[in-house]
Every structure is written in C-alpha cells, then in structure tokens.
Amino acid sequence: MSTSGQPQFRYTQTPSKVLHLRNLPWECIEEELIELCKPFGKIVNTKCNVGANRNQAFVEFADLNQAINMVTYYASSSEPAQVRGKTVYIQYSNRHEIVNNKGPGDVPGNVLLVTIEGVEAGDVSIDVIHLVFSAFGFVHKIATFEKAAGFQALIQFSDAVTASSAREALDGRSIPRYLLPEHVGSCHLRISYSAHTDLNIKFQSHRSRDYTNPYLPVNPTAIEGFVQPAVGPDGKKKELESNVLLASIENMQYAVTVDVLHTVFSAFGTVQKIAIFEKNGGTQALIQYPDVTTAAVAKDALEGHCIYDGGYCKLHLSYSRHTDLNVKAYSDKSRDYTIPESGLLAMQQAPGVPTAATVWQNPQASPMFPGSEFAGGSAMLAQSSAGQVPSWDPNMQAGRPTFVSVSRTFPGKTYAPSSVQAYASASTPGVSSPLVQTGQISPTVSPLGVSQPVHQPNMQPGGSLPPGQSPYYG
DNA sequence: AGCACA
C-alpha cells in the first residue's frame, strides 16, 4: 500500500484539479491566489500560507481541465506565473481535493492568541503588547503566559472584526525593534483566534491586565514587589498557602487518573478542579479546593503517602501559586467539578490555547515584579485612540509622536460595568463541604474509605497493609 | 523551489 515515496516529477505527475503552488511570497493571501488562477477556470477551494515558510499554497479548480489549462499555459509561457513579482511554480498536487480542516485557531473571534516567537517572557512587557494591539481598537484584556509554544498572550477586543483587523495586520510581523530589549533578535508574531470570548482576569499584574475595570485589585504579590516565601516567626521559610495543591507523583507504576485523584482528595473537602500534566518527565497534578483551610488539611494528611499499596504513586504536596485553575471541564487530564453537566459542556469548552489539555492562567505565577511602580516602570505606555487603525510599520523608528507618558494607573476606560459581575462569578460554588479533620485521619485508615470505598485504590501511608494487594489499575 | 497534520 505504499503509494508515496516515489518522487513525483513534473512530467510524470498525474493531473489533478488541485494545483500545488510554490515560491509564493509568505504574505500571499487567498485573493491573490484567486486572481492568479481564475483566468483558467472556477476555483472551488484554496489553502494558502502552507508549509514551514508559509510560501506554498493549493488551489482546487472545479474541473480537471481547468487545472490542466493552467499548468500547460505556464509550462510554455514566456511570462512565468507571478505573485507580488515573485515567480510562482505550479504543479499538479498529488492529492485530488483540498481538505480544509479549519483548526480552532482559524475560527474568528474577538480574542486573539498571539505567540511571540524568539523571546523570553521578560523581553516583551505587557505594556508593549498593549501598545502594539491598541493600534487596532480598544484592548479590553490581556493575559500573558508561557507555554511550550513560547511566550503567548491572549488579547481581547470588543469584537471579531477588530480582532481580525489586528490579526491581518500583525500576523507574521515583528514587534518594532525599539520596543524590544537590545538582545532580542527577531520576534515574529504568530496570531490565531482563541475560542475564548471573555478572559477571566483576576488581578492587574505584570502579566495580566483588564483595561475595562480600573477597580480590579492589583496582584498583592505585585505590590510586595516579590513573591518571596514568607518567613515564619521561627525564621524558617514558610510556604505561601493556597487553596490549590500541587501534587508530584513519585514512583508512578500505575495509572493515576483524574478520577483516582478526585477520590483521594475528596476525602478532605470538595474538590473543585483537577489538572494532570507532565513536568520534567514526572507526573504532577493541581488540585483545587474552595479554600486554603481545606487544602492545608489535605496537604498535611496526604503528604508522603502513597495512592497504591507498596510505595507506588507516592504523593508530594506543596501549595501551588495558582488560585483558580482554568481547565477543560472534562478531559482525560482535567476536570472541572464546579460546572454542572460538565460532560455535556465539555464539548463546548473553548480550546483557547492549543496543545494542552489543561490551561490555566495565573496572574501571580511569576516570582518577579519589575520595580515598585506598578506599570512596570515602562515609559512606553501609549494611549492610541481606540478604533483608529494606523498603518503598521515594523520599521517605525523611535521618536515617533504617538507616545504619551501615561500614569501608572490603568487607562481607565470603564467600559461595560457588567464586567464587574464576572469576577463575582469566579468565586467558589456554595458547597460547604464537611471537612475531615486532621485528627480523624489516622495514618492507618484510608481516607479513601470516606467517599468511595469500592473499587478504589487504597490510600496507604507507607504500604503497611498485607502485601500482594494489587491496585485496581493493573 | 518540491505537497496540507488540522
């Protein structure tokens, strides 16, 4: 069944109504493809900006003869096919139809997902991002974070039209050099659409902003300047407490699923959300409780204990810097128990950020806050007039007008007052969970028994039960 | 300048 493999040469290729175009300018847009091809027939589909360099494209004609016409025409023409002055090479595609799988990032929305390539998180301040994107309209909110893909930002506009104008203008372009630190080489913006419609910004911080809500509290850790481990009265470092626990799972010989974790951690109170992920080759999980107290009890009770008998899946717990996980409601790696009917809702959940089953934003996550001045000391804050779309010139030199120094308060356009309500909804559901007191958890009694005694792995302090008891995940 | 990975 190996049909591929043989290199196809121009003269031996079987005709197809799909043509493969190479050597296009990377900026090439569909209109230009159509312009080039439509003299030869009816175009029913295109796919442009294909390939690593985004310089290839496919065009599908309604009829095979139309494609043949185009190929034969340019095969004997003295004028090569051109787009923007570049010679375009045309051949039959080795496929016979274009499959347009629009990824989630291609569905227009009011929130953009911007990947800033070639920079570290610290290189591009949120003010610079705000400045750049404000050129296209009022930026409501920005959340930045680091992912495998690199430094990313979600940028929320009023509507999809504004967002798409920003995308059209900026995708593939670079942030002007003068807005970047010296050491940054190139930094291309890769822009797609997020499925989010309204970002949930909890704090104004150096990595997230809500420009619609001047009353939003400033990240407390930002005010302090640094997130430094608090020092207890005894002078020892005290962990910052949190309602979210970070569990590292050691010696993970058996599958640890969301359900298993839910069972284990529910013994101490309502578990709101769980996210499992891989880090440094190990498995970790975040478990969110409604409050710090519950988390503290669970942490103390479970620390160092094993999910399975025999020392398997040993838990090490610490407090996360997260306070509210933003997870898919229902996936194999995450669960949001605060959403009713999460099984159904899971289908509609917004996969705003690609690649990960779990996504969370944390305004407090970075340990550093640059400077005491809240706006990060940036003198580059600019307030461009919302709604206007200045032309974007990446070669723009410093010293251009438009910069005004803006105070360290946030540009206080109070738009939708309704946005305030959104924050109220971010709190915990009104489930008062009966806490299992620490004292009640004898080291020899499995807390698992509390909730789901049947068919669940045994929570053992150190494998002291009779050996040979196998976990139910075998 | 050489085939789409959503």
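Note that this is a predicted model, so its numbers are computed, not measured. Each chain gets a letter, A, B and so on, in the order the sequences are listed, and its residues count up from 1.
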Find the distance [X]:[atom1] to [N]:[atom2] and express it as a whole number of Å.
| X | N | atom1 | atom2 | result |
| --- | --- | --- | --- | --- |
| A/Asp106 | B/dA6 | CG | C1' | 8 Å |
| A/His20 | B/dC3 | NE2 | C1' | 4 Å |
| A/Leu21 | B/dA4 | CG | P | 15 Å |
| A/Leu24 | B/dA4 | CG | C1' | 14 Å |
| A/Asn49 | B/dC5 | CG | C1' | 16 Å |
| A/Gln56 | B/dG2 | CD | P | 6 Å |
| A/Arg54 | B/dC3 | CZ | C1' | 17 Å |
| A/Leu19 | B/dG2 | CG | P | 17 Å |

Have a look at A/Glu97 and say if it touches a base, only the backbone sugar-phosphate, or nothing, with a 4.0 Å heavy-atom cut-off.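 It contacts base atoms.
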
Determine whether the aromatic ring centres of A/Tyr73 and A/Phe40 lie less than 6.0 Å apart. yes

Kindly state whether the pair A/Tyr89 / B/dG2 counts as stacked, where counting means centroids closer than 5.5 Å and planes tilted less than 30° apart. no

Checking A/Asp159 side chain against A/Asn110 main chain: does a donor-acceptor pair fall under 3.5 Å? no

Step by step, would you call A/His316 with A/Glu250 a side chain to side chain donor-acceptor pair (under 3.5 Å)? CA-CA 8 Å; A/His316 289 289; A/Glu250 188 186 294; 2.8 Å; yes

When you get a sec, tell me which of B/dC5, B/dA1, B/dG2 is the closest nucleotide to the side chain of A/Arg95? B/dC5

Out of B/dA4, B/dA1, B/dC3, minimum distance to the side chain of A/Gln13 belongs to B/dC3

What distance do A/Lys141 atom NZ and A/Asn213 atom CG have between them, rounded to the nearest 0.5 Å? 8.0 Å

